[in-house]
Amino acid sequence: MMSESLPPSTQAALRGLPSVNALLKEPALQAALGARGVSPVTEAVRSVLEETRREIRDGESQLPTPPDAELAERCLARLGAEAKPRLRPVINATGILLHTGLGRAPLAEEAIEAAAAVSRGYCNVEVDLESGERSQRSHAVAKMLGGLTGAEAALVVNNNAGATGLAVAALAAGREVVVSHGELIEIGGGYRMPEVVTAYGAELRAVGTTNKTRVADYENAIDEKTGALLVVHPSNYEVSGFTQRPALEDLAKVAAAHDVPLVHDVGSGALIDFAPFGCEGEPVVGSSVLAGADLVLFSGDKLLGGPQCGIAVGKRRLVEKMLRHPLCRALRVDKVTLAALQATLALYADPETAKQRVPLLRMLNAPLGELRRRAEGLACELRRSLSGWDVTAICDEAYVGGGALPHRSLASWSVALKPSDESSEDAFAQRLRAGSPPVVGRLSQGRLVLGLHAVHPEEDSLLLSSVVSAWRSLES
Ligand SMILES: *Cc1c(COP(=O)(O)O)cnc(C)c1O
């Protein structure tokens with residue numbers, strides 16, 4: 001379908017493109033046919049020809065037509081890229097410790113070993129070994145969670161969104177959930193609290209104002225239609241200035257007086273006080289239980305530093321209601337998650353051990369001097385390899401991420417790379433993401449910045465070699 005309006009040289013270039021069958025005769029592709037089979041190779045040839053045709057038509061490709069051997073090379077590159085698994089380990093040089101796009105918390109070695117051990121064979125995920133009877137799968141960790149938070153009972157589901165949905169469905173379906181206007185949050189991925197409440201069959205009763213909500217606002221809203229009071233940690237934003245929030249203790253008294261459950265979605269799930277880590281104001285699960293919340297909900301893969309899951313701890317009567325709800329089965333966690341969670345929680349039995357063994361806590365605790373030494377060491381090596389580029393170790397900021405403490409940054413160190421005039425930092429970032437292992441950094445003011453706070457020190461040499469390879473592929 002050559003349009004008459006295309007310049008003659010473009011039309012000639014389009015005519016010069018080989019057919020699928022002709023290109024398949026290239027020796028390189030004949031070899032690939034033997035190794036990979038007809039269908040993926042033909043598919044790669046078809047899509048490369050399609051793309052080249054488009055590039056010629058849009059004037060993006062150099063004329064005349066690329067030689068068949070070069071087109072065949074492009075097909076092989078495409079086949080190579082497709083052969084690589086899509087989900088791969090990456091080096092997180094974003095400076096964000098809990099990056100949802102990069103899988104949040106890395107697991108402790110103990111958790112990895114426990115997950116591997118139950119993956120290889122069978123385990124008693126729903127069998128009580130003492131009695132031989134069927135048991136509830138959260139039982140394995142319920143006792144530990146009780147010990148760490150002071151709660152009577154606990155339940156583990158797929159994630160905190162699931163725990164929240166299940167709590168709403170089991171405790172308040174067909175009734176009202178009372179939430180402060182200041183807590184009707186939206187977090188990543190379009191997760192909006194008002195929609196969560198209605199999606200699970202309850203009605204939202206918003207009270208107070210954006211900046212001020214008092215105990216009386218909740219109390220005035222309670223009537224026979226009330227299913228629960230829900231307090232939500234604002235996570236990724238902050239209401240500051242002329243503000244007021246009731247103390248959880250006071251709200252708990254009102255909830256108890258009216259026999260309405262008080263549910264606290266604390267979000268990131270700090271099992272210990274994070275103030276010594278430079279994270280003041282992050283709610284601690286145990287404090288919330290102590291203050292009288294009937295149910296506390298949180299994620300397993302945020303500040304807790306474990307596998308993805310959602311945890312509900314609190315009154316036995318409420319947890320059992322959730323366990324009996326049909327949705328519970330749809331949200332259940334697998335044995336691998338439970339094993340990793342159990343091993344992570346075991347580390348918290350001694351907070352000092354947790355600080356040394358849970359990677360997230362270790363990263364939060366990393367001495368600034370050590371980050372600086374690593375940044376300067378890497379910058380020094382890179383300056384030697386990346387000729388013509390400006391490489392510097394910079395004093396930088398890192399973030400906890402995962403909705404925890406959005407405005408508070410951690411003092412950190414990074415390596416900043418400024419390409420020579422011929423290359424762009426954008427193109428370099430792309431090469432780095434395509435590398436082995438891929439490295440994800442951040443762009444800032446014409447530079448690519450590699451933050452070291454979320455890079456394990458053992459990954460430094462891999463980071464170095466990935467950066468050098470990406471530089472070679474760009475500069476060659
Ligand atoms: C992160 C977060 C959630 C969602 O947790 P997931 O484990 O990602 O489902 C819900 N509520 C709050 C307050 C959060 O911070």
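Each residue takes its place number in the sequence, starting with 1. When reading the values below, keep in mind they use all heavy atoms of this one structure, side chains included, and skip hydrogens, waters and symmetry mates. Every number for a ligand or one of its atoms is a count from 1 in the order of the listing.
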Please state which part of Thr100 comes within less than 4.0 Å of ligand 1, counting heavy atoms only: side chain, backbone, both or neither.
neither
Just heavy atoms, cut-off under 4.0 Å: does His264 contact ligand 1 by side chain, backbone, both, or neither?
neither
So for Lys302, does at least one of its heavy atoms come nearer than 4.0 angstrom to any atom of ligand 1?
yes
Contact summary for Lys225 and Arg175, nearest pair of heavy atoms:
O-CB, 3.0 Å
Measure across Leu107 and Pro359 and return the closest heavy-atom pair with its distance rounded to 0.1 Å.
O-CG, 3.3 Å
Polar contacts were defined as any N/O atom of the residue lying under 3.5 Å from an N/O atom of the ligand; does this apply to [X] and ligand 1?
| X | result |
| --- | --- |
| Thr164 | no |
| Tyr191 | no |
| Asp301 | no |
| Gly162 | no |
| Arg104 | yes |

Are Ser288 and His264 linked by a side-chain donor-acceptor pair shorter than 3.5 Å?
yes
I'd like to know if the side chain of Glu152 reaches the main chain of Arg316, judged simply by a donor and an acceptor atom lying under 3.5 Å from each other, with no hydrogens or angles considered.
yes
